[in-house]
Chemist: 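After the structure tokens below, expect a handful of questions from me.
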Amino acid sequence: MAKRIQSWEVSDAFWERVNPFIPQPERDKEKSYKRIAGGGRKPIPYRQVFEGIVYVLRTGCQWKALPKELYGSPSSVHGYFTRWMKAGFFLSFWRAGLAEYDEMEGISWQWQSIDGAMIKAPMAQEEVGRNPTDRGEKRQQASYPCRRAWRPAIPSRNRSEPA
């Protein structure tokens, strides 16, 4: 029996499909890069970065709450996410998955529709009524029993004159 993986884990078969779409870093050919041999930190493996991104997207946790011991620095993983997003990685991967599904099952494109609302319904207030928290009558706040209204202890004075 195959080991069951969690919804945020990336299987080997899934990684084989993802790996070709990951954008590779490009260096400027006109710029000269000088670096001490062995200097700096080694980059995080792309699979580990992708697993971190999938973990955040599946669990809904914050980027800073990403387990560092499993996926590396949360800020580094988020940096890869933003770079890959700008490079179109997720869009191209989604399109490839959609095309593969179309080949396997077939998508009935002529029956597809999109429904959504980006603004509030203009007639909603008339149908719904007042806000549930405002349905009670407006009233004045009751004063404390056996207490007088607050007054300053010192009568008012001209502040420009010394006391």
Chemist: What verdict does the side chain to side chain contact (heavy atoms under 4.5 Å, CB included) test give for W84 and Y46, after you've listed the backbone C-alpha separation in whole Å, the side-chain angles of each residue and the deciding distance to 0.1 Å?
Modeler: CA-CA 11 Å; W84 291 356; Y46 288 154; 3.8 Å; yes
Chemist: Please indicate whether R83 has more than 12 foreign heavy atoms, meaning atoms of other residues, nucleotides or ligands, lying under 6.0 Å from its CZ.
Modeler: yes
Chemist: Quick check: do L66 and Y55 have side-chain heavy atoms less than 4.5 Å from each other?
Modeler: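 Yes. Closest side-chain heavy atoms under 4.5 Å.
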Chemist: Run the salt bridge (Lys or Arg N to Asp or Glu O under 4.0 Å) test on D12 and R47 for me, step by step, so that the C-alpha distance in whole Å, both residues' side-chain angles and the decisive distance to 0.1 Å come before the verdict.
Modeler: CA-CA 10 Å; D12 293 333; R47 179 171 181 164; 2.8 Å; yes
Chemist: Can you tell me how far apart CG (D102) and CZ (R95) are? Round to the nearest 0.5 Å.
Modeler: 14.5 Å
Chemist: Evaluate whether atom CD of E30 has more than 12 neighbouring non-hydrogen atoms of other residues, nucleotides or ligands under 6.0 angstrom away.
Modeler: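 For E30, atom CD is not crowded (no more than 12 foreign heavy atoms under 6.0 Å).
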Chemist: Quick one: are I53 and F90 in side-chain contact, heavy atoms under 4.5 Å?
Modeler: yes
Chemist: Kindly assign one of parallel, tilted or perpendicular to the pair F81 and W63, based on the angle between their ring planes and the thresholds 30° and 60°.
Modeler: tilted
Chemist: Distance check, rounded to the nearest 0.5 Å: N19 atom CG versus R17 atom CZ?
Modeler: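 The CZ atom of R17 is 13.5 Å from CG of N19, to the nearest 0.5 Å.
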Chemist: Indicate the ring-plane relationship of F93 and F21, choosing parallel, tilted or perpendicular according to the 30° and 60° boundaries.
Modeler: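 Perpendicular.
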Chemist: Where is the tightest heavy-atom contact between V77 and G52, given as atom of each residue plus distance?
Modeler: CG1-C, 4.2 Å
Chemist: Name all residues meeting the side chain to side chain contact (heavy atoms under 4.5 Å, CB included) criterion together with V10; count only those two or more places apart in sequence or in a different chain, and write none if there are none.
Modeler: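 Side chain to side chain contact (heavy atoms under 4.5 Å, CB included) check on V10 returns F14, W15, F50, E51, V54.
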Chemist: What's the shortest heavy-atom distance between S75 and K64, and which atoms?
Modeler: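 Minimum heavy-atom contact is CB-NZ, 3.9 Å.
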Chemist: Output the distance between atom NE2 (H78) and atom CE (M85), rounded to the nearest 0.5 Å.
Modeler: 9.5 Å
Chemist: Taking all non-hydrogen atoms of both residues, which atom of C61 and which atom of V56 are closest, and how far apart?
Modeler: O-CG1, 3.5 Å
